[in-house]
Amino acid sequence: MLVFFVPGIPQPKGSWKAFPGRGRRRVNFVPDNPKLNAWSLAVTAEAIAAMVGTRTKRIEGAVRLNLIFYLPRPKSLPKSVTTHTRKPDRNKLERAVCD
């Protein structure tokens, strides 16, 4: 089992923006969220650091992920509401970690 914590505010993996390349027939794709790259690098770094102490260098076969996201409470949310009902949704947060 591999357990690790990534400090910071989790960033969702949203859509991609497409821009035509200059003078080329290629299309450039840019993530919709500019903070996504830093979050992905932080997750990768913590996962690698957690694997350093284990004997396994490579995970093969099926993998089960248990993800817990700690999000800041929006100031506009009433104190009586205890569940997260605003953006970002769970699916986009999970995609940012899994991809």
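As a basis for the values below, the full set of heavy atoms in this structure was taken, side chains included, without hydrogen atoms, waters or symmetry mates. Fair warning: this is a prediction, and the values are worked out from it, not measured in the lab.
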Donor-acceptor check, side chain of Gln11 to backbone of Ile9, threshold 3.5 angstrom: yes or no?
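A pair under 3.5 Å: yes.
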Return yes if some donor-acceptor pair links the side-chain N/O of Asn33 with the main-chain N/O of Lys13 below 3.5 Å, else return no.
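Here the side-chain-to-backbone pair does not exist.
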Point-to-point distance, once rounded to the nearest 0.5 Å, from CD1 of Ile48 to CZ of Phe4
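Ile48 atom CD1 to Phe4 atom CZ measures 10.0 Å (nearest 0.5 Å).
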Supply the atom-to-atom distance Leu2 CG to Glu46 CD, rounded to the nearest 0.5 angstrom.
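These two atoms lie 11.0 Å from each other.
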Tell me whether Val43 is reachable from Leu93 by hopping between hydrophobic residues (I, L, V, M, F, W, Y) whose side-chain heavy atoms are closer than 4.5 Å.
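Leu93 clusters together with Val43.
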Where at least one partner belongs to residues 34-43, residue pairs that pass side-chain hydrogen bond (donor to acceptor under 3.5 Å, both in side chains), sequence neighbours excluded
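Applying side-chain hydrogen bond (donor to acceptor under 3.5 Å, both in side chains) to every pair that reaches into residues 34-43, excluding sequence neighbours, yields nothing.
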Which pair of non-hydrogen atoms, one from Ala96 and one from Pro12, has the smallest distance, and what is that distance?
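So the minimum-distance heavy-atom pair works out to CB-C, 4.2 Å.
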Taking CZ in Arg95 as the centre, count heavy atoms belonging to other residues, nucleotides or ligands within less than 6.0 Å. Is the count above 12?
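Yes, enclosed.
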What pairs of donor and acceptor atoms, side-chain ones from residues 62-79 against any protein atom, are under 3.5 angstrom apart with sequence neighbours left out?
from  : atom 1 : to    : atom 2 : distance (Å)
Arg73 : NH1    : Val81 : O      : 3.3
Arg73 : NH2    : Pro78 : O      : 2.7
Arg73 : NH2    : Val81 : O      : 2.8

